[in-house]
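Worksheet: one structure, shown below.
In this text the structure is predicted, and so the values were computed from the model without any measurement. Heavy atoms only: backbone and side chains are in, while hydrogens, waters and symmetry mates are out.
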Amino acid sequence: LKVITIEENKRLSEDKINILLQKYEYGRYSEDKTLNSKQSKSYLKDILIDYIKIEGNEYFFALNEKDEPIGILFFRKSKWDTDHFGYNVAVIDYLITLQEEYTSVQSIASKLLSFFDKWAIENKIRFVTVKIPSQDLGVLHAVESKDFNYIENWIYNHYDLRNFQADDND
């Protein structure tokens, strides 16, 4: 898969998010095999849709030659951390790619991170944290190649999905 276009903060449709999540098997709810996969993906889709509605949250998404989404990076400047530490801090909350072969995943993630680097320089960001599922190796290695240090932790805060109704379209 070749990244043709990176778009910033354009209107992102549920359909585009669904395309990315179809094969996506990572994240706190998807990795927990005691939870229903369809409900987990539907819940993540809802989280992402809500994320882009919050003022100050931003995103870049990558499109292929057919104008189909193949990756997305959600990020924000962390007001609390910036106020607390006295310098600009940002958080990459999600970096999701179309789940293809390892090198494609790594390439898509690297392109998105390059655009994030430009944003961080423009906004004088001094420190960045990123949340990457530890099993998403292509993305994880792309992040490490951008000089991030990997610190593994496995914390699962459970949201009871037994009563969560997945959309029929998911």
Side-chain angles (χ1 to χ4, degrees), residues 1-76 78 91-113 115-116 129-144 148 150-170:
L1 292 174
K2 186 175 179 185
V3 176
I4 300 299
T5 308
I6 302 282
E7 295 193 13
E8 178 180 4
N9 296 322
K10 301 282 184 185
R11 188 76 185 140
L12 186 64
S13 69
E14 283 188 40
D15 290 340
K16 288 186 178 183
I17 291 174
N18 279 333
I19 290 168
L20 286 173
L21 296 181
Q22 281 176 357
K23 295 181 183 177
Y24 191 70
E25 297 297 327
Y26 304 111
R28 66 174 10 155
Y29 298 107
S30 296
E31 289 176 7
D32 184 342
K33 298 307 177 197
T34 66
L35 300 174
N36 178 289
S37 176
K38 184 175 180 179
Q39 289 172 312
S40 298
K41 286 182 185 185
S42 185
Y43 183 60
L44 178 57
K45 180 196 73 174
D46 290 348
I47 289 170
L48 298 178
I49 289 168
D50 289 344
Y51 187 95
I52 62 178
K53 294 176 184 175
I54 297 171
E55 187 176 337
N57 289 357
E58 301 189 48
Y59 60 90
F60 296 121
F61 65 97
L63 302 168
N64 65 13
E65 64 279 350
K66 297 177 185 173
D67 206 36
E68 299 167 332
I70 55 175
I72 191 160
L73 184 148
F74 292 89
F75 61 98
R76 60 191 161 84
S78 175
V91 177
I92 297 173
D93 289 303
Y94 300 95
L95 202 171
I96 297 170
T97 65
L98 196 62
Q99 294 301 295
E100 296 290 334
E101 62 186 38
Y102 171 85
T103 55
S104 292
V105 169
Q106 194 173 22
S107 174
I108 295 164
S110 291
K111 289 272 193 185
L112 288 165
L113 287 165
F115 274 78
F116 175 80
T129 62
V130 60
K131 301 172 185 176
I132 301 296
S134 60
Q135 296 177 3
D136 194 352
L137 294 179
V139 170
L140 182 62
H141 292 155
V143 170
E144 286 179 322
F148 282 83
Y150 175 65
I151 301 170
E152 181 178 16
N153 67 31
W154 286 68
I155 299 173
Y156 287 104
N157 300 318
H158 284 278
Y159 178 78
D160 188 354
L161 294 177
R162 290 174 291 191
N163 296 320
F164 182 79
Q165 297 298 314
D167 291 340
D168 290 334
N169 298 333
D170 296 340

- Task: Look up atom CD1 in Ile52 and atom CG in Asp50, then write down how far apart they are to the nearest 0.5 Å.
- Result: 9.0 Å
- Message: Using 0.5 Å steps for rounding, measure from the CG atom of Leu113 to the CG atom of Leu95.
- Response: 5.0 Å
- Query: Measuring from Lys111:NZ to Ile108:CD1, what's the distance to the nearest 0.5 Å?
  - Reply: 10.5 Å
- Query: Who passes side-chain contact (heavy atoms from CB on, under 4.5 Å) against Ile47, sequence neighbours left out?
  - Reply: Tyr43, Tyr94
- Message: Quick check for you: to the nearest 0.5 Å, what is the distance between Leu44 atom CG and Ile96 atom CD1?
- Response: 5.0 Å
- In short, Lys131 meets Val91 closest at the heavy-atom pair CE-CG1, 4.3 Å
- Between Glu55 and Lys53, is there a donor-acceptor pair closer than 3.5 Å when you use the side chain of the first and the backbone of the second? no
- Ignoring hydrogens and geometry, is there a side-chain-to-backbone donor-acceptor pair from Ser110 to Gln106 under 3.5 Å? yes
- Query: Between Asn64 and Lys66, what is the shortest heavy-atom contact and its length?
  - Reply: OD1-N, 2.9 Å
- Query: Can you name the salt bridge (charged side-chain N to carboxylate O under 4.0 Å, His left out) partners of Asp136, sequence neighbours left out?
  - Reply: none
- Message: To the closest 0.5 Å, what do you measure between NE2 (His141) and CD1 (Ile132)?
- Response: 11.5 Å
- Nearest heavy-atom contact between Phe116 and Leu73 is CD1-CD2, 4.1 Å
- Query: Counting N and O atoms only, with roles assigned by atom type, does the side chain of Asp93 sit under 3.5 Å from a partner on the main chain of Phe74, one being a donor and the other an acceptor?
  - Reply: no
- Kindly write out the residues that satisfy salt bridge (charged side-chain N to carboxylate O under 4.0 Å, His left out) with Glu25, not counting sequence neighbours, or none if the list is empty. Lys41
- Between the CD1 atom in Ile70 and the CG atom in Leu63, the distance rounded to the nearest 0.5 Å is 7.5 Å
- Query: Where do Gln135 and Tyr26 come nearest, in terms of heavy atoms and distance?
  - Reply: O-CE2, 3.3 Å
- Hits for side chain to side chain donor-acceptor pair (under 3.5 Å) against Ser78, two or more places apart or cross-chain, chain-then-number order -> Asp81
- Query: Where is the tightest heavy-atom contact between Tyr51 and Glu58, given as atom of each residue plus distance?
  - Reply: CE2-O, 4.0 Å
